[in-house]
Amino acid sequence: MAANGNGKANGEFSFGIGNTGIGTARNGLSMIQTHKKQNAICHDDSAAPVKAQTIDELHSLQKKRSAPTTPIKAAQPGSATLSEEERQKQQLQSISASLASLTRETGPKVVKGDPARKSETPRLAHESHPHFTPTIAVSDSALKFTHILYNLSPAELYEQAIKYEKGSFITATGALATLSGAKTGRSPRDKRVVRDETIEDELWWGKGSPNIEMDEHTFMVNRERAVDYLNSLDKVFVNDQFLNWDPQNRIKVRIVSARAYHSLFMHNMCIRPTPEELEDFGTPDFTIYNAGQFPCNRYTHYMTSSTSIDLNLARREMVILGTQYAGEMKKGLFSVMHYLMPKRQILSLHSGCNMGKNGDVALFFGLSGTGKTTLSTDHNRFLIGDDEHCWGENGVSNIEGGCYAKCIDLSKEKEPDIYNAIKFGTVVENVVFDEHTREVDYTDKSVTENTRAAYPIEFIPNAKLPCVGPHPKNVILLACDAFGVLPPVSKLNLAQTMYHFISGYTALVAGTEDGIKEPQATFSACFGAAFIMLHPTKYAAMLAEKMQKHGATGWLVNTGWSGGSYGYGSRIKLPYTRRIIDAIHSGSLLNANYKKTEIFGLEIPTEVEGVPSEILDPVNTWSDKKAYNETLLKLAGLFRNNFETFTNYKIGKDNKLMGEIVAAGPIF
Ligand SMILES: Nc1ncnc2c1ncn2[C@@H]1O[C@H](COP(=O)(O)OP(=O)(O)OP(=O)(O)O)[C@@H](O)[C@H]1O
Ligand SMILES: O=C([O-])CC(=O)C(=O)O
Ligand SMILES: [Ca+2]
Ligand SMILES: [Mn+2]
């Protein structure tokens, strides 16, 4: 291949060095001689001459031929290995099938590469895709090509974003700053799940459930809308990646999206295949069609807004319309895992996870903003993952390949590892930065309070790769209690752990879920009701069984208010919470002295190293004891009301455990 027109491969071409002053042009004509005097003023030619004769040639020197999809294994003649051409063809056929309309016969005509690169403009449909029978196009859309930008690298995605997506900028530390558009959090009320005979009895429906039904036909209407939208574009991004670091339970996912931002986000958040793994990728197990810029049609049945996030488990597909918030893809796939994994006796968890030097693993459960990412990212421990895990026969595995940290009020001093992870390759969403220096102001909430950074897990220096670990020793339930009445830490017995796991209490403080701006008490079963697919007691039963079998200890940690409710007291200082977590990890807290609280019956330690003892019992921090008691009773009442719906369910074989769990709640 004569990339630079001199018959040699890139990078090898050079002019002769011993310059005689007489050059020979490539076409053989002698060049005009420009005799240079020794002491001429012009020093322009003091540097080595550029190894190109034209601007185009110069530019062609800049990039070496290689793509993330370049085969590593050379095809052996006569062997079973596919030729590069054959493999690329299969890959395009697979993507073409993903994007196909299910009602029309023509199109899409997918072709690899950036439409801006002229050399890759396709000639004729049947030429580049022999599997398409040339037909007379019946619609204009059938005449056009859709270019596929397949598993681009972060650098390529930066360029795409900056060139074509308004609101994309490079920050002072090299991160890609983007805006997620009108939605700056998830839209749980716009999630729909196809209800068909096969899954009808398996899934959790009705009160408290995140699964709002839709029918197959409506799903297909939205799917067609998304696919048509994507095919109407000049180019779409396709990511083929994995979920779950447990090799035996790895899921292949394909994400088709219209924005470089979405592609880079998923590049960071899912597990990145090696070039060899990509070669053998084949057909994905699950596909997302993200047409987030385009709304759903409100005349469509089941649609109550312009946003719709539709899950079809039978088809193994998800469609996103009307929201560009990238977290929908991440959490949509998490929902899928909450369906697929329990079928294999693997528990899926909305938790962070880290491991000490001695192999002691801790899980950090908690709703959004309670500290999973902040506390699992611990300089003294190995990070397995910050948000989504599986607990199976052999231990724990991270589902994802990246972390998604809150950025509001982020500081280098308090959260150095997260702060330093915001560099080239990281996507920062909805942050505000200085127009000139591009320094991010992490305190600025002008766009949203739910500012976020998505980075590959290896950006954390002590990430545990591969992201798997042994069975957990500690199960830490995080709650950000805006009422300020839960103790900073309590030790839980198994029934209490289950009670608080099923309750899933916190007080949301930021707008991760679109619409919530003020703090309010929230109960979300399994600390992730928005993502679970089966009834909460199914997950709870698995957790109880695993904790019992592996002797894990449960803890309740309040990362929220102390000294009064929101507005009066203040949030517990992060360094104190970190000391508490340290004491859990080290085992020292297990052997501390405890006393039992009233109403909630929680065991609270009298001392924790590095933490003022008086804050350990919240009653001490309230100046108004009457207000404390009233608030405590109010919260207990909320817990009791919330738990009513669960009391009629069995956990495990008989009603015994559920009886114990109910008794482990507040008594008043
Ligand atoms: N005492 C504390 N403990 C933990 N986090 C605290 C504390 N005080 C303040 N914070 C802040 O609370 C936020 C916790 O957010 P974090 O990203 O860890 O949430 P998360 O549980 O991972 O939620 P999500 O599931 O939405 O990602 C961080 O911004 C952190 O700086
Ligand atoms: O999904 C999101 O947008 C952020 C997150 O981790 C959560 O809400 O649990
Ligand atoms: Ca997080
Ligand atoms: Mn989360």
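As the structure lists them, so they are numbered: ligands from 1, and atoms in each ligand from 1.
Side-chain rings of Phe424 and Tyr158 approach one another, their centers coming within less than 6.0 Å.
Against a heavy-atom cut-off of under 4.0 Å, His350 is close to the following atoms of ligand 2: 9 (O). Listed by number with element, the atoms of ligand 2 under 4.0 Å from a non-hydrogen atom of Asp387 are 6 (O). Those atoms of ligand 2 with a heavy atom of Phe531 less than 4.0 angstrom away are 9 (O). Heavy-atom proximity to Tyr325, at under 4.0 Å, picks out these atoms of ligand 2: 2 (C), 3 (O). With ligand atoms numbered from 1 in the order given, ligand 2 contributes 4 (C), 5 (C) to contacts under 4.0 Å with heavy atoms of Arg452.
A donor-acceptor contact under 3.5 angstrom links the side chains of His585 and Arg381, judged on distance only. In this structure, a donor-acceptor pair under 3.5 Å is absent between the side chains of Tyr404 and Asn268. A donor atom on one side chain and an acceptor atom on the other are found under 3.5 Å apart for Arg223 and Tyr289. A donor-acceptor contact under 3.5 angstrom links the side chains of Thr374 and Glu415, judged on distance only.
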I'd like to know whether Asn249 forms a side-chain hydrogen bond (donor to acceptor under 3.5 Å, both in side chains) with Arg344, so could you lay out the CA-CA distance, the side-chain angles of the two residues, the decisive distance to 0.1 Å, and finally the verdict.
CA-CA 9 Å; Asn249 295 290; Arg344 306 181 185 189; 3.0 Å; yes
Phe265 and Glu429: CA distance, side-chain angles, deciding distance, side chain to side chain contact (heavy atoms under 4.5 Å, CB included) verdict:
CA-CA 10 Å; Phe265 178 91; Glu429 292 173 328; 4.0 Å; yes
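At least one N/O/S atom of Lys331, whether from backbone or side chain, sits less than 2.8 Å from the Mn ion (ligand 4). Here Asp387 reaches the Mn ion (ligand 4): one of its N/O/S atoms is less than 2.8 Å from the metal. Among the atoms of Thr373, an N, O or S atom falls under 3.0 Å from the Ca ion (ligand 3).
Among the atoms of Arg186, some N or O lies under 3.5 angstrom from an N or O of ligand 2. Checked against a 3.5 angstrom limit, the closest N/O atoms of Tyr404 and ligand 2 fall outside it.
Side chains of Lys191 and Met214 form no contact here, defined as non-hydrogen atoms less than 4.5 Å apart.
Ligand 2 is never approached by Glu328 to a heavy-atom distance shorter than 4.0 Å.
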